[in-house]
Amino acid sequence: MNHKPVTRILVLNGPNLGRLGSREPEVYGSGNLADLEALLVESVPPGIEIDLRQTNDEGELIDWLHEAVDSATPVVLNPAAFTHYSYGLRDAAALVTKAGLPLIEVHISNPHTREEFRHDSVISGVATGVIAGFGFDSYRLGVDQILRARS
Ligand code: CA2
């Protein structure tokens, strides 16, 4: 187990999530990533930093998970479409949880109510937990859980 006090939470977002707020509001809502960041920042106690990032690059997302391990930083991860097929991302996510750090997989929509290919996650089996279907509140619930469980 990792006993470093939590001062920062990495909130990592995969491909196309930089487009939030511009298309498909019926699926993903009308807020963008800046709105998400503001929601999370106002939901955490003073002294907790929300480090929210987005990339379309699988390698960059993997590098950020390595950074989480090296800096002992808990992670909220929306892997977006990588959820469904990226074994590289799964292996990197497993490094986080095997290091004793929480990694909460989150989804804005509920993938189980959508197309068949979205029903499987290669990440869930190595995540600490999974939260899906609550819009931006999925992230807030993930952050809350990390803070509740901290030592
Ligand atoms: O519901 C989620 O959070 C997802 O991770 C979102 C991914 C999707 O591939 C997963 O199955 C479920 C897609 C993110 C695409 O984001 C967009 C945002 C605005 C407009 C179009 C796409």
Side-chain angles (χ1 to χ4, degrees), residues 6 8-44 48-71 73-150:
V6 175
R8 185 166 67 102
I9 299 173
L10 273 166
V11 180
L12 304 181
N13 293 278
N16 300 307
L17 287 166
R19 293 288 180 172
L20 281 173
S22 66
R23 283 185 50 234
E24 300 192 59
E26 67 290 355
V27 181
Y28 300 116
S30 54
N32 60 26
L33 283 181
D35 298 322
L36 173 61
E37 186 172 33
L39 175 88
L40 296 179
V41 166
E42 78 175 22
S43 80
V44 294
I48 303 291
E49 181 194 348
I50 296 294
D51 186 348
L52 186 144
R53 307 178 190 178
Q54 188 274 328
T55 182
N56 296 326
D57 182 326
E58 186 179 12
E60 186 167 35
L61 202 47
I62 288 169
D63 285 344
W64 289 344
L65 292 177
H66 294 173
E67 182 190 325
V69 173
D70 294 342
S71 60
T73 305
V75 178
V76 171
L77 172 65
N78 186 343
F82 292 150
T83 305
H84 312 300
Y85 66 88
S86 174
Y87 296 116
L89 191 64
R90 175 195 165 95
D91 287 345
L95 289 174
V96 176
T97 50
K98 281 182 186 152
L101 296 161
L103 180 144
I104 315 292
E105 176 186 345
V106 300
H107 299 282
I108 299 167
S109 67
N110 178 354
H112 299 284
T113 63
R114 302 180 62 195
E115 304 96 317
E116 188 103 23
F117 77 89
R118 296 187 201 277
H119 297 183
D120 286 329
S121 166
V122 300
I123 307 298
S124 298
V126 298
T128 309
V130 184
I131 302 168
F134 299 106
F136 282 179
D137 276 344
S138 295
Y139 291 80
R140 199 177 47 73
L141 291 164
V143 165
D144 283 355
Q145 180 54 32
I146 285 170
L147 294 176
R148 272 164 47 86
R150 73 187 148 154

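By convention here, the first residue in the shown sequence is residue 1. Basis for what follows: all heavy atoms, side chains included, without hydrogens, waters or symmetry-related copies. Just follow the structure's listing: the first ligand is 1, and inside any ligand the first atom is 1.
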Tabulating one pair per line, provide the atom names and distances (0.1 Å) for every N/O atom of ligand 1 that is less than 3.5 Å from a protein N/O atom.
unit_1, atom_1, unit_2, atom_2, d
ligand 1, 1 (O), I108, N, 3.3
ligand 1, 1 (O), S109, N, 2.8
ligand 1, 1 (O), S109, OG, 2.5
ligand 1, 3 (O), N78, ND2, 2.8
ligand 1, 3 (O), I108, N, 2.7
ligand 1, 5 (O), N78, OD1, 2.8
ligand 1, 5 (O), H107, ND1, 2.9
ligand 1, 9 (O), A81, N, 3.4
ligand 1, 9 (O), R118, NH1, 2.9
ligand 1, 11 (O), H84, NE2, 2.7
ligand 1, 11 (O), R118, NH1, 3.0

N13 and Y139: side chain donor to acceptor below 3.5 Å: yes
Donor-acceptor contact below 3.5 Å, side chain H119 vs main chain H112: yes
Under 3.5 Å donor-acceptor, D35 side chain and N32 backbone: yes
R19, CZ: over 12 other non-hydrogen atoms inside 6.0 angstrom: no
Under the salt bridge (charged side-chain N to carboxylate O under 4.0 Å, His left out) test, residues paired with E116 that sit two or more places apart: none
Nearest-0.5 Å distance that lies between atom CG in L36 and atom OG in S138: 10.0 Å
